[in-house]
Amino acid sequence: RQLLAWLVVHPETTREAAATALWPDLDPDAGLNNLRTTLSYLLRALQPGRKANEASYFVLQRGAAISLSGRDRLRVDLWDLDHHLGEAAAADRAGQPSRALEGYRAAADAWRGPLLADAPTEWAEAEAERVRLRFVTAAVRAAELSLAAGEHAAAEQLAGRALAVEPWSEAAYRVQGAVHLERGDRVAARRVLDQCPATAEVLPEIV
């Protein structure tokens, strides 16, 4: 699983880079030996019916280089998140809020939790943080656009998802406070301010 995750994040890599990332405490030869064994297991899992001497459709090996191929037959939530977020950001810049909202919601829906949360590795830490921040960006922007569209329940839910991952997101608190104000619930809006005092400047009418 860790090798597949490495290839998802690094579709073009080398044997040495993969071995060093997955087995940082081993010497190079031992790491490469582990990689050969693990790669054979991965190829078998991806293509159970592949013959022993048949080239893999999903993993291309050329000398020291390894690349993830066959992407037309792979569905990866991380790729979906990045794809939808890129399309949403482009629509946002083009002044197309409806398309942007659709893309941001799709990006947020692609989130399945932290990268390799059940099998943490040192190499994945930086990538996991990048993905986490991209999810927060998608959820918050989707919440803001939902609020602007009058979809208050959706805005509140999306802001809540962002805060579950990033408790210090001022933008998410602002959305939640604004939703409560739209409903005429100043007490609830005030509770939002108590959790994130920085939003007081944005919602002065309830201070």
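Across Leu26 and Gly31, no two heavy atoms sit closer than the pair CB-N, 4.1 Å.
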Side-chain atoms of residues 93-102: list all donor-acceptor pairs with protein atoms under 3.5 Å, sequence neighbours left out, distances to 0.1 Å.
from  : atom 1 : to    : atom 2 : distance (Å)
Gln96 : OE1    : Arg99 : NH1    : 3.2

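With Asp80 as reference, Arg75 is the one residue of Arg112, Arg75, Arg134 to meet the salt bridge (Lys or Arg N to Asp or Glu O under 4.0 Å) rule.
A side-chain N or O of Arg105 and one of Ser146 form a donor-acceptor pair less than 3.5 Å apart.
Shown here are the ring-ring contact (aromatic ring centres under 6.0 Å, His included) partners of Phe135, two or more places apart in sequence or in another chain: Trp111. Remark: Ala21 engages Trp6, Trp123 in a side chain to side chain contact (heavy atoms under 4.5 Å, CB included) (not counting sequence neighbours). Shown here are the side chain to side chain contact (heavy atoms under 4.5 Å, CB included) partners of Ala88, two or more places apart in sequence or in another chain: Tyr104.
Side-chain atoms of Gln195 and Leu163, non-hydrogen and from C-beta on, never get closer than 4.5 Å to each other. The closest side-chain heavy-atom distance from Arg15 to Leu39 is below 4.5 Å.
The backbone N or O of Val9 sits nowhere less than 3.5 Å from a side-chain atom of Glu127 that would complete a donor-acceptor pair. Between the side chain of Arg161 and the backbone N or O of Ala108, at least one donor-acceptor pair lies under 3.5 Å.
The hydrophobic side chain of Tyr41 is isolated, with no ILVMFWY side chain under 4.5 Å apart from it. Cluster partners of Leu147 are Val175, Val179, counting Ile, Leu, Val, Met, Phe, Trp and Tyr whose side-chain heavy atoms approach within less than 4.5 Å, directly or via other members.
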Steps toward side chain to side chain contact (heavy atoms under 4.5 Å, CB included) verdict (Leu3, Leu35)
CA-CA 8 Å; Leu3 177 56; Leu35 178 63; 3.8 Å; yes
